[in-house]
Amino acid sequence: MSFVTPDPFTTRPEIDGTFGVVASTHWIATAVGMGVLERGGNAFDAGVATAFVLQVVEPHLNGPGGDVPVILHDVRVGHPQVVCGQGPAPRAATIAHLRDDLGLDLVPGTGLLAPCVPGTFDAYMLILRDHGTWRLADVLEAAIGYARDGFPLVERVSATIATVEGLFREHWPSSAATYLKEGGVPAPGTLFTNPVLAETYARIVREAAGGTREQEIERARRIWSQGFVAEAIDAFCRGEPVMDVTGRPHRGLLTGADMAAWQASVEAPVGYEYGRYTVLKAGPWTQGLATLQQLALLKGFYLDRLDPAGPDFIHLQVECAKLAFADRDTFYGDPDFVAVPVETLLSDAYNAERRTLVGDTASLEQRPGTIPGFGKALDARVSSGARTAVGASGAGEPTVGKIEATVPPDDARAGVVRGDTVHFDIIDRHGNMIAATPSGGWLQSSPVIPALGFCLGTRAQMFVLDEAHPAALAPGKRPRSTLSPTMALRDGQPYLAWGSPGGDQQDQWIPQFFLRHVHAGMNLQAAIDAPAWHTEHFPSSFWPRTARPGVVVVENRISAGTIAELRRRGHVVEIGSDWSEGRLTAASRDGRRLRAAANPRGMQGYAAGR
């Protein structure tokens with residue numbers, strides 16, 4: 001390679017050890033995960049404990065009512081696996097009901113029409129049963145403690161609550177009771193408690209107690225899907241209609257029968273060979289293939305000689321992302337319901353043809369590929385303004401970091417980096433690895449269920465109300481999710497686990513990190529710290545699902561010369577603050593050496609290990 005970063009400074013050290021490493025989007029969750037490893041738990045015990053704590057300390061980004069895909073490598077199994085914690089649409093969620101009966105053209109981004117079956121709890125129980133060693137009470141102890149006794153609110157939680165304060169007070173009183181307990185928005189740093197959520201998990205532990213570890217876990221799964229949790233969800237959805245982003249109240253569609261009919265599942269990942277590496281993703285019910293498609297396109301360019309923050313590198317990655325995401329919006333969907341041409345999308349012949357579309361100037365068109373017998377193009381709703389994060393209605397993706405406009409007055413206002421999610425990566429001394437991207441059920445998605453202390457998710461907003469589209473809404477079908485953990489083998493051995501919150505940005509920041517690590521030789525922390533960007537060219541997965549053709553949002557650390565050159569090539573460049581793009585975490589294993597790193601942006605992600 002001819003380009004190696006000349007600046008050895010990183011915002012924090014790359015963690016390096018042999019015992020175990022944990023990286024997550026919140027320092028408390030990282031400390032809890034590391035504590036599990038120190039007390040003899042394996043990576044899967046630590047992962048489940050970390051995940052439950054993230055539900056408590058980042059309630060604006062994920063919750064028990066949400067969803068999660070997981071990629072893991074258990075040394076006893078010998079190969080990576082995907083755990084699907086993405087629940088499907090309820091039986092009553094039909095296009096005929098939403099489009100024809102209710103007159104909607106999109107699934108709302110808030111309220112009770114958009115929940116799928118909550119998937120996180122059952123996925124974590126499956127992982128704990130099949131791969132962990134700890135008992136149920138042990139992995140839930142920290143989450144129960146923080147929910148009961150309090151944790152310091154980060155600024156973004158307070159800001160999110162402030163944004164939807166009016167909605168809570170006027171329409172969602174149960175959420176006001178949970179998040180406005182002292183009569184106003186809790187200030188950053190407040191020791192915040194959620195005693196109802198603590199009691200929900202404590203009750204599950206009590207009712208599941210007895211017998212073997214596996215028997216307790218199976219009992220907990222039944223309590224969740226058929227016991228008091230499912231009963232409370234069923235009653236809440238059948239109750240009073242709830243105001244949503246349409247401006248009209250709607251009653252929920254999710255039932256206890258939907259909860260009882262679903263369980264998390266295990267499937268093989270989809271892989272793509274990139275030099276020494278095999279990059280692994282979940283199937284086309286997520287957008288993860290978009291990373292693999294970008295790699296398949298970029299493999300045809302000589303990237304080793306390029307500055308990873310220079311105009312050539314950024315232009316190539318952005319243009320390949322546009323092509324990959326155009327295919328996402330045309331071909332991806334739940335493979336249990338629709339045929340997705342994965343082999344063709346990753347084939348050399350298809351990508352050689354697609355690669356010819358990458359020219360010297362920015363494309364302003366949506367250009368999906370053509371594969372006879374597959375897919376349907378998605379109509380793009382073009383927005384003239386910047387995308388909002390969480391609005392007063394609660395719609396949108398939760399804010400990760402605000403981008404402050406520094407563009408000239410005649411340019412469009414800079415957007416907002418939007419993230420919907422949390423993430424963690426863990427590797428133990430045995431070589432077990434787990435990467436997970438939990439999301440949904442965030443505090444602004446729908447009203448808190450008073451009996452449970454959490455709200456339902458809104459992942460169904462990613463369905464399309466068009467029967468002919470691969471991502472069409474259908475009962476029992478998984479939405480085409482943005483959630484996208486990643487794992488890579490190197491020379492056939494499990495090597496790297498990484499991911500990022502960020503909705504549609506996830507599979508832009510994920511390949512950027514990988515390319516900086518592989519082609520520029522950056523270590524994990526340097527590859528996370530490096531200046532980053534994203535494009536908003538294609539339709540957002542979140543309501544109101546608009547596109548901003550040609551827009552590229554870059555951090556202000558990208559040089560003025562690079563920005564000028566990108567604009568000369570036709571990119572509509574918007575400039576954010578210095579540290580505004582991405583919330584990546586990563587962990588790697590090279591023989592006995594374990595390494596980890598976490599994003600400094602937002603000042604809450606952290607990595608630990610020894």
Side-chain angles (χ1 to χ4, degrees), residues 20 22-24 29 32-37 39-55 62-64 66-87 117-143 201 204-205 208 212-225 262-269 280-283 286 421-428 430-440 481 483-487 494 497 499 587:
V22 180
S24 87
V32 167
M34 195 65 205
V36 172
L37 295 182
R39 287 180 288 162
N42 66 18
F44 311 115
D45 301 316
V48 173
T50 297
F52 281 123
V53 168
L54 286 169
Q55 292 179 351
N62 80 131
D67 8 71
V68 62
V70 180
I71 300 182
L72 59 83
H73 176 78
D74 186 331
V75 294
R76 297 170 302 176
V77 175
H79 57 83
Q81 297 173 298
V82 170
V83 176
C84 174
Q86 175 58 66
V117 174
T120 57
F121 186 86
D122 199 71
Y124 299 149
M125 291 301 98
L126 185 151
I127 292 167
L128 184 65
R129 183 196 69 187
D130 292 349
H131 305 284
T133 64
W134 277 27
R135 298 187 80 102
L136 177 68
D138 298 324
V139 296
L140 276 168
E141 178 183 14
Y201 279 141
I204 292 174
V205 171
T212 67
R213 191 183 75 90
E214 291 77 11
Q215 287 171 337
E216 284 188 341
I217 293 169
E218 285 304 301
R219 201 174 293 122
R221 297 175 80 184
R222 290 193 299 272
I223 292 166
W224 180 271
S225 64
W262 180 83
Q263 286 190 322
S265 57
V266 178
E267 59 190 52
L280 304 175
K281 286 287 195 177
T286 75
T421 306
V422 298
H423 185 83
F424 64 85
D425 306 293
I426 301 175
I427 307 177
D428 65 26
H430 309 294
N432 297 308
M433 304 173 67
I434 182 171
T437 312
S439 184
S481 175
L483 306 179
S484 192
T486 319
M487 191 171 285

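Just so you know, these numbers come straight off a predicted model, no measurement behind them. Heads up: numbering here begins at 1 and tracks the sequence.
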Looking at OG1 of Thr120 and CD of Gln86, how far apart are the two atoms once the value is rounded to the nearest 0.5 Å?
10.5 Å
Sequence neighbours excluded, which residues qualify as side chain to side chain contact (heavy atoms under 4.5 Å, CB included) partners of Glu267?
Val82, Cys84, Trp285, Arg478
Taking the side chain as everything from C-beta on, heavy atoms only, tell me whether Phe44 gets closer than 4.5 Å to Ile426.
no
More than 12 heavy atoms from other groups under 6.0 Å of CD on Gln81
yes
Criterion side chain to side chain donor-acceptor pair (under 3.5 Å) against Asp45, the qualifying member of Thr133, Thr50, Asn432
Thr133
Heavy-atom closest contact (Gly85 atom, Ala123 atom, distance):
CA-CB, 3.7 Å
Drop me the distance from Thr421's OG1 to Leu54's CG, to the nearest 0.5 angstrom.
11.5 Å
Looking at Asn42 and His131, would you say the former's side chain and the latter's main chain have a donor-acceptor pair under 3.5 Å?
yes
Would you give the length of the straight line joining atom CD of Gln263 to atom CG of Leu126, rounded to the nearest 0.5 angstrom?
8.0 Å
Which residues satisfy the ring pair (Phe, Tyr, Trp, His ring centres under 6.0 Å) test with Tyr124, sequence neighbours excluded?
Phe52
Is there a side chain to side chain contact (heavy atoms under 4.5 Å, CB included) between Leu280 and Thr486? Walk through the geometry before answering.
CA-CA 6 Å; Leu280 304 175; Thr486 319; over 6 Å; no
Flag, side chain of Arg129 to backbone of Met125, donor-acceptor distance under 3.5 Å:
no
Work out which heavy atom in Leu483 is nearest to a heavy atom in Thr286; give both atom names and the distance.
O-CB, 3.4 Å
Test side-chain hydrogen bond (donor to acceptor under 3.5 Å, both in side chains) on Glu141 and Tyr201; report intermediate values, then the result.
CA-CA 9 Å; Glu141 178 183 14; Tyr201 279 141; over 6 Å; no
Separation between CG of Asp138 and CZ of Arg213, rounded to the nearest 0.5 Å:
10.0 Å
Which heavy atom of Leu37 sits nearest a heavy atom of Ala46, and at what distance?
CD2-CB, 3.9 Å
Using a strict 4.0 Å threshold on nitrogen-to-oxygen distance, state whether Glu216 and Arg219 make a salt bridge.
no
Is a side-chain N or O of Asp122 found less than 3.5 angstrom from the main chain of Ala264, in a donor-acceptor match?
yes
d(Ile71 CD1, Ile434 CD1) to nearest 0.5 Å is 10.5 Å
Just how far is it from atom CH2 of Trp134 to atom CG of Leu128, taken to the nearest 0.5 Å?
10.5 Å
Any donor and acceptor pair, going by atom type alone, linking the side chain of Asp428 with main-chain N or O of Ala43 inside 3.5 Å?
yes
State which residues pass side chain to side chain contact (heavy atoms under 4.5 Å, CB included) with Pro494; sequence neighbours excluded, sorted by chain then number.
His73, Met433, Leu489
Cut-off 3.5 Å, side chains only: do Lys281 and Ser484 have a donor facing an acceptor?
yes
Minimum heavy-atom distance between Val53 and Ala143, given as atom pair plus value
CG2-N, 3.7 Å
Nearest non-hydrogen partners of Gly47 and Phe424, listed with the distance:
O-CZ, 3.4 Å
Does the side chain of Val422 reach to within under 4.5 Å of the side chain of Thr437, using non-hydrogen atoms?
no
Heavy atoms of Gly499 and His423 approach each other most closely as N-NE2, 3.3 Å
